[in-house]
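For reference, the structure discussed in these notes is given below.
Computation of the quantities below employed the complete heavy-atom set of this structure, encompassing side-chain atoms and omitting hydrogens, waters and symmetry-equivalent molecules. To find a chain, count down the sequence lines: A is the first, B the second, and so on, and within it residues start at 1.
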Number of protein chains: 2
Amino acid sequence: MRAVFERQDTLPLIAEVFREFGYEGATFSRITERTGISKGSLYHFFPDGKEEMAAHVLAHIDAWFEAHVFTPLARDEPREAVAQMWRAVLDYFHSGRRICLVGVFAMDETRDVFADAIKGYFQRWIKALKQALVRAGVGRARAQDLAEECVAGIQGGLVISRATGEAAQFVRTVRRLAARVDDELSG
Amino acid sequence: MRAVFERQDTLPLIAEVFREFGYEGATFSRITERTGISKGSLYHFFPDGKEEMAAHVLAHIDAWFEAHVFTPLARDEPREAVAQMWRAVLDYFHSGRRICLVGVFAMDETRDVFADAIKGYFQRWIKALKQALVRAGVGRARAQDLAEECVAGIQGGLVISRATGEAAQFVRTVRRLAARVDDELSG
DNA sequence: GTCTATACAGTGATAGAC
DNA sequence: GTCTATCACTGTATAGAC
């Protein structure tokens with residue numbers, strides 16, 4: 001009996017291995033152990049091996065954020081979209097117990113292959129948030145500042161939470177950032 | 001002709017390799033290539049191998065921050081110490097072109113051996129900053145919030161700068177954080 | 001499609017010549 | 001103290017049985 005039958009289904013499992021051990025630390029033995037899929041089958045799903053796995057995992061994450069964060073910010077009523085962003089972020093990162101794989105890969109310059117994907121993820125996030133803030137009436141310069149501050153703050157909160165082992169620190173960080181945005185929107 | 005003769009002198013070079021490639025990616029061949037020291041000599045300096053190297057590198061970084069940031073925050077006139085912290089941070093991280101190795105190691109849970117050192121680094125930073133803010137007249141709860149926000153913001157700014165390739169983003173992040181602290185101190 | 005068997009390079013680590 | 005030679009092992013990757 002196997003729980004996984006489609007390549008798409010393996011991505012979340014493989015993603016967790018990359019998250020826990022980083023790119024170099026995510027070895028085939030750890031991936032087979034976690035997924036229950038042998039090396040041979042993994043190469044059947046991902047003919048180009050580890051690099052292809054990582055690329056698909058990144059694309060998977062990107063699609064999630066595109067659907068749950070970036071697109072709402074660009075399309076929905078801005079205040080509601082921002083509120084939705086905070087909910088999505090707390091949910092996705094398990095209230096600080098889960099780190100950002102894109103951030104992890106960003107810190108590792110071993111493989112420039114992913115540089116564009118990583119850069120695009122953060123730039124689109126900042127841009128979408130900025131434009132939502134502008135649509136909500138915030139000045140362009142201030143909106144850019146706030147958006148950079150929020151996206152950077154989220155990453156930093158994840159690092160500190162993971163480092164100290166206190167997930168609550170991430171939740172506090174998000175609350176502070178949300179409050180600052182609210183102040184700006186109502187003030 | 002060799003430029004390095006003492007173990008202490010090798011640490012900054014080895015640290016850069018860990019910074020660029022992460023713990024797993026920092027292989028002996030890369031370290032020997034960067035330092036010009038053979039494996040045999042590296043094991044002479046660090047009998048316990050890579051793990052000992054990483055431990056010494058972390059201790060080296062910790063000592064630098066202790067001397068240039070934490071101790072000044074605890075001892076000097078608080079406003080001046082905070083200003084010194086921003087200078088030290090911009091300087092140490094090369095205005096956003098260099099990442100935080102402690103942050104990189106924090107994201108990697110391969111080796112719990114360093115967990116305490118990593119945790120201590122961030123906790124002492126937050127605590128020292130908080131106490132300096134308290135000595136400068138900020139309320140305890142607000143000081144704790146601000147300190148967490150600053151240390152997390154620095155880490156996040158480094159991640160975003162590295163990801164986007166725009167070091168200037170880190171400088172802006174630091175400026176924003178410094179302005180917020182200044183507001184609190186004068187307001 | 002899934003697996004086992006295997007190739008081959010590179011890993012951390014050790015021994016020993018000088 | 002510094003290096004080279006070598007170790008056992010694990011890494012990614014491939015071939016091929018079923």
**Q.** For B:E166 against B:R172, the heavy-atom pair lying closest together
**A.** OE1-NH2, 4.5 Å

Q. Taking only side-chain nitrogens and oxygens of B:S29, does any of them come within less than 4.0 Å of OP1 or OP2 of C:dT11?
A. yes

Q) Can B:K50 be said to sit on top of B:F28's aromatic six-ring, NZ or CZ under 6.0 Å from centre and within 45° of the ring axis? A) no

Q: With DNA chain D as reference, determine whether A:G40 or B:S41 sits nearer its 5' end, using the nearest nucleotide of each.
A: B:S41

Q) Which part of the nucleic acid does A:K50 contact within heavy-atom distance under 4.0 Å: base, sugar-phosphate only, or nothing? A) sugar-phosphate

Q: Could you tell me the separation between the CD atom of B:E6 and the C1' atom of D:dG1, rounded to a whole number of Å?
A: 12 Å

Q: Can you label the angle between the B:F93 ring and the B:F170 ring as parallel, tilted or perpendicular, going by 30° and 60°?
A: perpendicular

Q.
Within the 4.0 Å heavy-atom criterion, would you say B:Y43 contacts the bases, only the backbone, or no part of the nucleic acid?
A. base

Q: Return the value, rounded to whole Å, for the distance between atom CZ of B:F46 and atom C1' of C:dA13.
A: 16 Å

Q. Between B:R34, B:R98, B:R30, which is the residue that forms a side-chain hydrogen bond (donor to acceptor under 3.5 Å, both in side chains) with B:E20?
A. B:R34

(Q) Can you confirm if the aromatic rings of A:F114 and A:Y121 lie within a centre distance of less than 6.0 Å? (A) no

(Q) From the set D:dC3, C:dC3, C:dT11, return the single nucleotide nearest to any side-chain atom of B:S38. (A) D:dC3

Q) Separation of A:M53 atom CE from D:dT12 atom C1', in whole Å? A) 10 Å

Q: Go through D:dA13, C:dC3, C:dA13 for me and flag the one nearest to the A:I37 side chain.
A: C:dC3

Q: Can you tell me the distance, in whole Å, between the CD atom of A:E52 and the P atom of D:dA13?
A: 11 Å

Q) Between B:H44 (NE2) and C:dA13 (P), how many Å, whole number? A) 17 Å

Q. Just how far, in rounded Å, is C1' of D:dA13 from CD of A:E51?
A. 14 Å

Q. In whole angstrom, what separates B:F28's CZ from D:dT4's P?
A. 15 Å

Q: Using atom NZ of A:K39 as one end and atom C1' of C:dC8 as the other, report the distance to the nearest whole Å.
A: 12 Å

